[in-house]
J.: 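Once you've had a glance at the structure underneath, I'll fire off some questions.
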Amino acid sequence: MKRILIADDHALVRKGLVQVVADAMDLEVAGEAATGSDVIDMLRSDPYDVVVLDLNMPGQSGLDTLKQINAEFEEIPILVLSMHSEEQYAVRVLRAGAAGYLTKESAPEQLVNAIRRVADGHRYLSPTAADLLIGFLDGDQSGPPHESLSDREFQVMKMLSSGKSVMEIGEILSLSVKTVSTYRSRVMSKMNMSSNAELARYALENDIIV
């Protein structure tokens, strides 16, 4: 029996995922978490075979939680289950160490199959995510501009798009205004943009939810 930890900040979503997994005789939902810090605390206190992780949680982001899990519990595979399309996040989370990526629009049986696959030490990718990853590995530069950003630059870009000021971002990320301004300059240069309004429009058009 594989022990599964499900992390999602929406209680109704978690309950739905628990029911899907409970229908599989070889899987057991052994824990539920609503925040990234809860995930880390639970992994430190109990054994799990797979973490099913949402990207959008309060406090520590899902991406930062993913990195911390890899640093502390590298033997535990992580399946990212997100509302974002593969085009927006799949390559980024796979680069960060996820064993698989699945959207919340996927069928229940896909989730169960994905959990089983990563639990057995394999990767799970949809055909779309696989194509994106192959393109990245082949050096394909035709992807969306935000894929060229580092994880920190991407984080700053999302905050700028939501209307946060450089000072506010610095307070949230515990960075100096000068450092955030440097990240902002890099984002603008890489994405060939000149204003926060352009970033906001791009985020809206590309369904990058902040």
J.: Working to the nearest 0.5 angstrom, can you tell me the gap between Leu43 CG and Glu72 CD?
T.: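 Going from the CG atom of Leu43 to the CD atom of Glu72 covers 8.5 Å.
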J.: How long is the gap from NZ on Lys158 to CG on Leu149, to the nearest 0.5 Å?
T.: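 Between atom NZ of Lys158 and atom CG of Leu149 there are 11.5 Å.
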J.: Taking all non-hydrogen atoms of both residues, which atom of Ala96 and which atom of Asn70 are closest, and how far apart?
T.: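 So the two residues come closest at O-ND2, 2.8 Å.
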J.: Run the side chain to side chain contact (heavy atoms under 4.5 Å, CB included) check on Ile115 and Lys2 step by step: do they pass?
T.: CA-CA 9 Å; Ile115 292 174; Lys2 299 294 185 181; 5.9 Å; no
J.: Evaluate the side-chain proximity of Arg152 to Leu175: yes if any heavy-atom separation is below 4.5 Å, no if none is.
T.: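 They are in side-chain contact.
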J.: Step through the shown structure and confirm whether more than 12 heavy atoms of other residues, nucleotides or ligands are within 6.0 Å of CD on Glu74.
T.: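 Check fails, neighbour count at 12 or below.
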J.: Show the nearest heavy-atom pair for residues Gly62 and Leu53, with the distance to one decimal.
T.: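 Minimum heavy-atom contact is O-CD2, 3.5 Å.
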J.: Do you know which two heavy atoms are closest between Arg14 and Ala34, and how far apart they sit?
T.: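 Smallest interatomic distance, heavy atoms only, reads NH1-CB, 3.7 Å.
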J.: If you take all heavy atoms of Ala7 and Val39, which pair is closest and at what distance?
T.: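 Closest approach of Ala7 to Val39: CB-CG2, 3.4 Å.
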J.: Output, in order, the C-alpha distance, side-chain angles, deciding distance and verdict of salt bridge (charged side-chain N to carboxylate O under 4.0 Å, His left out) for Asp54 and Lys104.
T.: CA-CA 9 Å; Asp54 184 26; Lys104 290 183 177 179; 3.6 Å; yes
J.: Between Asp120 (side chain only) and His122 (backbone N and O only), is there a donor and an acceptor less than 3.5 Å apart?
T.: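 Flag not set: sc Asp120 to bb His122 has no pair under 3.5 Å.
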J.: Sequence neighbours excluded, which residues qualify as salt bridge (charged side-chain N to carboxylate O under 4.0 Å, His left out) partners of Arg116?
T.: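 Residues passing salt bridge (charged side-chain N to carboxylate O under 4.0 Å, His left out) with Arg116: Asp26.
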J.: Quick check for you: to the nearest 0.5 Å, what is the distance between Thr35 atom OG1 and Asp41 atom CG?
T.: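 Between atom OG1 of Thr35 and atom CG of Asp41 there are 7.5 Å.
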J.: Distance from Gln110 atom CD to Glu105 atom CD, nearest 0.5 Å?
T.: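 It comes to 11.0 Å.
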J.: Which is it for Leu81 and Ile6 under the side chain to side chain contact (heavy atoms under 4.5 Å, CB included) test, yes or no, and what are the steps along the way?
T.: CA-CA 10 Å; Leu81 182 65; Ile6 293 179; over 6 Å; no
J.: Could you tell me whether the side chain of Asp49 and the main chain of Arg3 form a donor-acceptor pair under 3.5 Å?
T.: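 Side chain of Asp49 to backbone of Arg3, a donor-acceptor pair under 3.5 Å: yes, one is there.
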J.: Is the CE atom of Met25 crowded by more than 12 outside heavy atoms at less than 6.0 Å?
T.: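 12 or below, so no.
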J.: State whether the side chain of Arg123 and the backbone N or O of Arg117 hold a donor-acceptor pair below 3.5 Å, judged by distance alone.
T.: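 Judged by distance alone, no pair lies under 3.5 Å.
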J.: Grab the two heavy atoms, one from Pro145 and one from Met191, that are nearest each other, plus how far apart they are.
T.: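 Scanning both residues, the minimum pair turns out to be CB-CE, 4.1 Å.
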J.: Please walk me through it: do Ile169 and Tyr183 pass side chain to side chain contact (heavy atoms under 4.5 Å, CB included)?
T.: CA-CA 11 Å; Ile169 295 172; Tyr183 278 122; over 6 Å; no
J.: Quiz question: by atom type and distance under 3.5 Å, do the side chains of Gln68 and Asp64 form a donor-acceptor pair?
T.: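 Result is no, nothing qualifies.
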J.: Checking Gln60 against Ser37: is there a side-chain donor and acceptor pair closer than 3.5 Å?
T.: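 No, no side-chain donor-acceptor contact under 3.5 Å.
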J.: If you take all heavy atoms of Val118 and Pro77, which pair is closest and at what distance?
T.: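 That closest heavy-atom pairing would be O-CG, 3.4 Å.
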J.: Going by heavy atoms in the side chains, are Leu173 and Val156 under 4.5 Å from each other?
T.: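 The answer is yes; the side chains approach within 4.5 Å.
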J.: Under 3.5 Å, side chain of Ser189 to main-chain N/O of Ser185, donor-acceptor pair present?
T.: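 Such a contact is absent between Ser189 side chain and Ser185 backbone.
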